[in-house]
Number of protein chains: 2
Amino acid sequence: MRPDDTGRGRPPTMADIAAHLGVSRQLVSLVLRDAPGASDRTRRRVRQVAEQLGYSAHVGARSLRRTRSTDLGVVFTPAHSTEPEIIEHIYPAAAAHGYDLILSAQTAVRATGQAVEELLGHRCAGLIVIGSHLDHAGLRALSRRSPVPVVDVGYGRRNAHYDVVRSAGDVGIAAMVGHLAGLGHRAIAYVDPVAMPAAALRRRGYDRAVRRLGLAADVHAVPGEYVKGDYFDEAGATAGRTLLRRASLPTAVVTPNDHTAVGVLQVLLREGVRVPQDVSVTGFDDAPIARLSSVDLTTVRQDPELMGVAAVRAAVRRIGDAGLAPGEAVVPTALVERGSTAPPGSRRF
Amino acid sequence: MRPDDTGRGRPPTMADIAAHLGVSRQLVSLVLRDAPGASDRTRRRVRQVAEQLGYSAHVGARSLRRTRSTDLGVVFTPAHSTEPEIIEHIYPAAAAHGYDLILSAQTAVRATGQAVEELLGHRCAGLIVIGSHLDHAGLRALSRRSPVPVVDVGYGRRNAHYDVVRSAGDVGIAAMVGHLAGLGHRAIAYVDPVAMPAAALRRRGYDRAVRRLGLAADVHAVPGEYVKGDYFDEAGATAGRTLLRRASLPTAVVTPNDHTAVGVLQVLLREGVRVPQDVSVTGFDDAPIARLSSVDLTTVRQDPELMGVAAVRAAVRRIGDAGLAPGEAVVPTALVERGSTAPPGSRRF
DNA sequence: ACATAGAACTGGCACGTGCTAGTTTTTGTC
DNA sequence: GACAAAAACTAGCACGTGCCAGTTCTATGT
């Protein structure tokens with residue numbers, strides 16, 4: 001049934017491989033960690049028997065004995081739309097530096113702290129915390145408690161306790177406003193879901209761009225509660241309804257979040273407003289929903305690959321030299337033009 | 001900086017706690033694993049010092065020594081929309097049985113096999129594979145290779161090698177058709193994205209319901225490639241455009257996937273068709289997108305909590321008795337009525 | 001044939017914990 | 001206050017691996 005059972009109930013160990021070949025366990029160890037000191041013939045034989053017995057190294061024993069850990073701990077929120085994409089790209093980034101990943105989820109009933117605690121038990125060399133619900137004080141406490149460097153991927157700012165990786169939200173939004181102005185838009189509204197952690201930064205981008213272009217600011221701030229899952233979407237829908245009640249619609253609506261943009265979009269579509277012919281709508285994140293061919297949202301891409309790479313790089317840097325001061329990596333954004341934007345008053349074929 | 005440094009570069013161990021109190025390491029071990037044989041006073045003191053030193057058990061050392069593993073390995077796809085929700089609910093389910101979780105991602109560049117291999121290195125007591133891209137032969141090979149029981153959460157069928165957990169897709173779709181018929185619909189179309197793994201099962205539900213109700217079957221099969229990320233959405237959009245080209249629209253469109261439903265929805269909305277006033281549209285999965293207040297899709301809920309509970313239960317059952325034959329758990333679905341359905345020809349206020 | 005260096009291989013200890021089998025201390029009983 | 005029994009605590013080995021310090025083998029040059 002199982003691969004070559006050694007008779008014992010346990011999975012095969014290096015000793016089993018060694019016994020099988022009539023060599024010492026140390027030699028097997030040498031081969032399996034690619035250390036010098038074994039002949040090619042021996043390497044082949046060891047590898048073959050390992051395969052045959054279905055050997056798999058005991059991660060626990062290895063981490064127990066090893067001086068240097070080769071694991072990075074990652075905390076993430078499974079239910080979030082963009083975080084899992086970062087996870088996906090963080091694997092190769094870590095592998096490039098010789099690190100494995102250990103994932104730990106933070107959920108509604110499982111706090112960041114608990115996830116971190118579990119990772120520390122695995123003796124990771126560093127911690128990457130993605131989209132934590134903790135504020136600065138919480139993250140600082142967490143960094144103090146952690147014997148290894150902590151990297152926060154989110155919306156934090158440079159500080160003395162943990163590394164920060166975030167996207168250039170202000171620049172991204174400003175670029176979007178500039179793009180719309182380039183298409184000929186003059187009436188560009190902005191929806192501001194103020195309870196969103198990154199809201200302030202992105203809002204600054206709008207304000208700055210509008211001022212520089214000499215346009216009239218037209219901000220629709222929507223209060224709310226961040227913990228509520230559908231807040232983003234709801235905020236867009238609310239702002240959309242407000243817009244519809246006005247005498248005239250703007251020609252473009254900029255939002256700092258894809259879900260908020262979809263909220264606006266749906267409300268407009270249901271009232272017979274054409275997008276992008278009558279109104280252009282834009283988002284932020286390039287979440288999966290923005291890519292749906294039916295939604296086809298022009299948005300600001302928060303590159304998950306670059307975020308992952310930057311996070312790993314920050315962790316590796318401080319693992320290498322614990323004395324270094326934590327840094328701040330600002331990942332550039334990219335404008336993704338899709339079908340929800342067009343010159344004002346345009347008709348499509 | 002760090003919590004009470006013991007002077008060594010390493011994190012504190014049980015021996016450190018013991019030395020701090022002038023007791024033996026074994027006593028500390030007793031207390032920390034809640035074993036009998038220590039006075040209340042000692043328990044308090046040990047716990048206090050552990051806290052003070054920032055002690056965290058070395059998972060590796062523990063798994064090395066322990067007879068019985070207390071970890072369940074979970075393979076999942078971060079980019080998928082519904083799997084992360086199962087992850088979220090699987091934590092408490094595992095905890096209820098005394099198990100911790102070790103997550104391992106499968107991505108475009110990281111095959112199921114690689115994720116499993118890593119988990120086996122952690123010496124998990126069982127493996128839960130969610131939404132694997134492997135077919136039955138692949139899963140069978142994987143189960144053979146694994147020294148511990150494997151549970152497949154997806155679309156497999158009962159077999160002798162691994163446990164299967166899946167939702168009752170046929171029953172769910174049939175219930176949806178029945179619900180629409182109850183609202184007065186007679187022209188109920190079905191979009192069939194045939195490349196979707198669960199497509200066949202769900203299609204059977206439509207066929208069965210239509211036959212039972214004496215309605216005319218109206219199926220729009222859309223071929224495609226499963227690996228292509230936006231296939232589901234595209235399939236819906238394609239089917240929607242086909243429908244619009246016909247002389248008359250059906251009064252309801254049933255789809256076996258939320259993204260497909262959104263594809264249909266968007267195409268209809270853009271052509272001025274009102275949902276649900278003119279046409280009702282339904283999905284399957286209750287993915288996050290269905291809950292967006294702007295989409296507000298009536299759908300069939302594939303309860304992620306029940307899936308998680310069933311998966312853990314299956315794993316625990318076979319961990320307890322490896323001789324048991326693998327089972328098949330069919331998780332019931334629930335109809336979630338939202339705003340995309342209404343009686344035919346109805347006008348909302 | 002002999003020394004020599006390098007390649008190939010082995011011995012032994014340590015990592016931090018769980019568990020079984022002991023030993024000491026406290027408690028209860030007449 | 002002696003004795004048993006229970007409670008509280010300790011000794012020691014084992015888990016599978018990495019790494020350092022040896023030891024044996026093989027090739028090379030004279």
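Throughout, protein chains are lettered first and strands after them, A, B, ... in sequence-line order, and every chain is numbered starting at 1.
Sequence order on DNA chain D of the closest nucleotides to A57(A) and D40(B) puts D40(B) first from the 5' end. Nearer to the 5' terminus of DNA chain D, by closest-nucleotide assignment, is the contact made by A61(B) (compared with the other of A61(B) and R68(A)).
Proximity of T42(B) to the phosphate of dC9(D): a side-chain N or O atom is located under 4.0 Å from OP1 or OP2. At the phosphate of dC15(C), neither OP1 nor OP2 sits under 4.0 Å from any side-chain N or O atom of S63(A). For dA14(C), neither phosphate oxygen OP1 nor OP2 lies less than 4.0 angstrom from any side-chain nitrogen or oxygen of R65(A).
Relative to the side chain of R10(B), the nucleotides dG16(C), dG18(D), dT17(C) differ in distance, and dG16(C) lies closest. Distances were taken from every side-chain heavy atom of R66(A) (C-beta onward) to each of dG18(D), dG16(C), dT17(C); the shortest belongs to dG18(D).
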Below 3.5 Å, can you tabulate the donor-acceptor pairs from side chains in residues 115-126 of chain B to any protein atom, sequence neighbours excluded?
unit_1, atom_1, unit_2, atom_2, d
E117(B), OE1, R145(B), NE, 3.1
E117(B), OE2, R145(B), NE, 3.2
E117(B), OE2, R145(B), NH2, 2.6
E118(B), OE1, R110(B), NH2, 3.0
R123(B), NH1, S56(A), O, 3.3
R123(B), NH1, S56(A), OG, 3.2
R123(B), NH1, L120(B), O, 2.9
R123(B), NH2, S56(A), O, 2.7

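A cation-pi arrangement, defined by a distance under 6.0 Å to the six-membered ring centre and an angle within 45 degrees of its axis, is absent between R157(A) and Y162(A).
The local environment of CZ in R43(A) is crowded, with over 12 non-hydrogen atoms from other residues, nucleotides or ligands closer than 6.0 Å.
Of the residues in residues 24-35 of chain B, those with a non-hydrogen atom less than 4.0 angstrom from any atom of DNA chain D are S24(B), R25(B), Q26(B), L27(B).
Checked for salt-bridge contact, D34(B) and R47(B) meet the test: a charged N lies under 4.0 Å from a carboxylate O.
End-to-end axis angle for the helix from dA1(C)-dT30(D) to dC30(C)-dG1(D), using five pairs per end and rounding to 10°, comes out at 30°.
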